[in-house]
Amino acid sequence: MNIHLPEKEQILTLLSADCDNAPNSCRLALEHCLTIFKPGEQVSFKHSGIEIGTDKRIDFSSCIRWQPDALFITQQQINQTDWQNLARIIQASVEQSSSLFYFCGDNIFYQEMSRQLQHHRRELISALRAGNGSAIKNEINGLLGLGIGLTPTGDDYLAGLSVVLFIAGHPAVKYREIFKSTLEAGKHKTTLLSAITLREAINQRYRESIYDFIHQILMGDLENIHPFINEIKKIGSSSGCDMLCGMADAFALTKINGGNYVDQDCN
């Protein structure tokens with residue numbers, strides 16, 4: 001369940017017990033929480049908890065804060081990691097998934113959307129390789145809101161790309177302000193939830209399953225990454241797979257020189 005905080009342009013998400021931790025979220029000791037809360041109920045934030053409606057209160061007194069260490073990538077890690085192989089592993093894991101990037105059905109609407117997604121994907125990677133700021137803006141705009149669902153495919157792809165490219169120490173951090181300003185100007189093209197999710201990813205705030213995956217890679221353990229990939233694929237109906245598409249491209253761009261080649265295997 002999502003609680004919209006318009007004055008802060010944020011959404012607080014209430015998670016069931018089996019969900020992984022995430023920014024701007026509160027994980028409840030419940031298997032299911034959607035049936036307990038009703039749309040439109042008044043929400044009051046107190047120092048020790050949240051009051052919802054007239055009959056519910058979330059007590060913070062026993063909560064443990066999830067505050068992961070900030071990730072950082074060193075030049076040595078960039079030099080020693082086989083980024084191209086990592087990108088190929090991830091790409092292979094999503095090509096047969098539900099991602100709209102690889103739609104193979106008969107629906108001509110989805111076929112055209114998939115074509116546009118792949119087009120803007122290729123052009124954005126080319127723009128990042130060339131360091132062309134105006135082209136980067138154009139292709140981000142082309143991807144914003146493109147797709148289906150509460151977090152459209154293009155937004156999820158951009159989130160996955162941002163998760164990797166904007167790790168502290170990454171050569172592509174210099175493009176973060178372009179991503180932030182373009183999203184701010186174009187956020188009306190997508191949903192509120194998606195715009196906030198993408199903004200948080202640009203600022204290196206994302207779900208625990210994604211954090212664990214990136215941390216595993218930075219630790220140099222590429223032999224056991226498949227369980228982490230599978231956990232990300234569980235996010236949403238296709239959001240996790242769309243994010244992985246972005247991560248795969250970002251890993252392929254992570255070269256010693258800051259990214260002058262990418263092998264996307266795109267049709």
Side-chain angles (χ1 to χ4, degrees), residues 71 73-104 114-131 136 139-140 143 146-147 153-167 169-173 175 201 206-207 209-267:
L71 296 175
I73 188 169
T74 66
Q75 190 62 53
Q76 183 178 13
Q77 288 168 319
I78 292 175
N79 296 349
Q80 293 180 347
T81 303
D82 188 348
W83 300 107
Q84 298 296 332
N85 183 51
L86 178 59
R88 284 190 287 268
I89 291 171
I90 298 171
Q91 200 64 54
S93 75
V94 296
E95 285 179 351
Q96 303 300 320
S97 71
S98 57
S99 173
L100 202 55
F101 277 105
Y102 298 105
F103 180 75
C104 298
S114 180
R115 185 195 67 80
Q116 291 185 39
L117 284 164
Q118 290 287 20
H119 168 74
H120 289 298
R121 177 187 188 182
R122 284 192 296 267
E123 292 302 311
L124 177 56
I125 294 303
S126 295
L128 287 166
R129 286 166 52 194
I136 292 171
E139 299 311 321
I140 293 173
L143 286 164
L146 182 58
T153 309
D155 298 8
D156 287 330
Y157 170 82
L158 290 170
L161 202 68
S162 301
V163 164
V164 178
L165 294 185
F166 303 141
I167 298 171
H170 195 290
V173 165
Y175 299 123
Y206 36 77
R207 291 176 62 153
S209 55
I210 297 174
Y211 178 91
D212 290 343
F213 176 53
I214 302 298
H215 183 266
Q216 179 85 356
I217 292 167
L218 295 180
M219 292 298 100
D221 185 1
L222 304 188
E223 297 295 324
N224 302 296
I225 61 171
H226 287 93
F228 295 91
I229 293 173
N230 291 334
E231 284 301 309
I232 295 174
K233 290 171 73 172
K234 296 177 184 177
I235 299 175
S237 58
S238 64
S239 290
C241 293
D242 299 330
M243 290 179 187
L244 284 167
C245 288
M247 291 183 213
D249 287 352
F251 287 136
L253 279 169
T254 307
K255 304 282 286 182
I256 295 173
N257 57 6
N260 63 2
Y261 174 72
V262 62
D263 177 10
Q264 290 177 283
D265 268 342
C266 287
N267 296 321

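We count residues from 1, following the sequence as given.
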Undergrad: About how many Å separate CG of Leu161 and OH of Tyr175, when rounded to the nearest 0.5 Å?
TA: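 Answer rounded to 0.5 Å: 12.0 Å.
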Undergrad: Side chains of Glu223 and Ile225: closer than 4.5 Å at any heavy-atom pair?
TA: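 Sidechains of Ile225 and Glu223: no contact.
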Undergrad: To the nearest 0.5 Å, how far apart are CD in Glu95 and SG in Cys245?
TA: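 The distance works out to 8.5 Å.
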Undergrad: Identify the heavy atoms of Cys241 and Val94 that sit nearest to each other, and give their distance.
TA: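 That would be O-CG1, 3.9 Å.
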Undergrad: What residue among Ser99, Ser237, Ser97 forms side chain to side chain donor-acceptor pair (under 3.5 Å) with Asp242?
TA: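 Filter result, single survivor: Ser99.
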Undergrad: Are Thr254 and Leu86 packed together at the side-chain level, in the sense that at least one heavy-atom pair is separated by less than 4.5 angstrom?
TA: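 Of all side-chain heavy-atom pairs linking Leu86 with Thr254, none is under 4.5 Å.
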Undergrad: How close do Val164 and His170 get, heavy atom to heavy atom, and via which atoms?
TA: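 For Val164 and His170, the tightest heavy-atom pair comes out as O-CD2, 3.5 Å.
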Undergrad: Apply side chain to side chain contact (heavy atoms under 4.5 Å, CB included) to the pair Asp82 and Gln84, showing each step before the final yes or no.
TA: CA-CA 6 Å; Asp82 188 348; Gln84 298 296 332; 4.1 Å; yes
Undergrad: Enumerate the ring-ring contact (aromatic ring centres under 6.0 Å, His included) contacts for residues 218-244, please, sequence neighbours excluded, ordered by first and then second residue.
TA: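 Every pair satisfying ring-ring contact (aromatic ring centres under 6.0 Å, His included) with a residue in residues 218-244: there are none.
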Undergrad: May I ask you to test the Ile235-Tyr206 pair for a side-chain heavy-atom distance under 4.5 Å?
TA: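 Not in contact.
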Undergrad: State the CG-CG distance between Leu165 and Leu158, to the nearest 0.5 angstrom.
TA: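 So the gap between those two atoms works out to 10.5 Å.
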Undergrad: Distance check, rounded to the nearest 0.5 Å: Ile210 atom CD1 versus Met247 atom CE?
TA: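 The distance works out to 4.5 Å.
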Undergrad: Evaluate the criterion side chain to side chain contact (heavy atoms under 4.5 Å, CB included) for residue pair Asp155 and Leu143; output intermediate values, then yes/no.
TA: CA-CA 7 Å; Asp155 298 8; Leu143 286 164; 5.9 Å; no
Undergrad: So, taking the atom named CG in Leu244 and the one named CD1 in Ile232, what distance separates them when rounded to the nearest 0.5 Å?
TA: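 Those atoms lie 5.0 Å apart.
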Undergrad: Mind checking whether Trp83 and Phe251 have parallel, tilted or perpendicular rings, split at 30° and 60°?
TA: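 Trp83 and Phe251: parallel rings.
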Undergrad: Please report the closest heavy-atom contact between Ala248 and Ala87, naming both atoms and the distance.
TA: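 Closest heavy-atom pair between Ala248 and Ala87: O-CB, 3.2 Å.
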Undergrad: Could you go step by step and tell me if Ile89 and Ile229 meet the side chain to side chain contact (heavy atoms under 4.5 Å, CB included) rule?
TA: CA-CA 10 Å; Ile89 291 171; Ile229 293 173; 4.2 Å; yes
Undergrad: Hey, what do you get for CG (Leu146) to CD (Gln116), rounding to the nearest 0.5 Å?
TA: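 So the gap between those two atoms works out to 5.5 Å.
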Undergrad: Do the side-chain N and O atoms of Gln75 and Asn79 include a donor-acceptor pair separated by under 3.5 angstrom?
TA: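 Short answer, yes.
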Undergrad: Check whether NZ of the Lys or CZ of the Arg Arg121 lies under 6.0 Å from the centre of the six-membered ring of Phe101 and within 45 degrees of that ring's axis.
TA: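 Flagged: Arg121 positioned over aromatic ring of Phe101.
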Undergrad: Counting C-beta onward and ignoring hydrogens, is there a side-chain heavy-atom pair between Phe103 and Leu117 closer than 4.5 Å?
TA: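 No, their side chains stay 4.5 Å or more apart.
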Undergrad: Please check: side-chain N/O of Thr81 versus main-chain N/O of Gln77, any donor-acceptor pairing under 3.5 Å?
TA: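 Looks like yes, one N/O pair under 3.5 Å.
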Undergrad: Can you list the steps and then say if Leu124 with Tyr157 is a side chain to side chain contact (heavy atoms under 4.5 Å, CB included)?
TA: CA-CA 11 Å; Leu124 177 56; Tyr157 170 82; 4.2 Å; yes
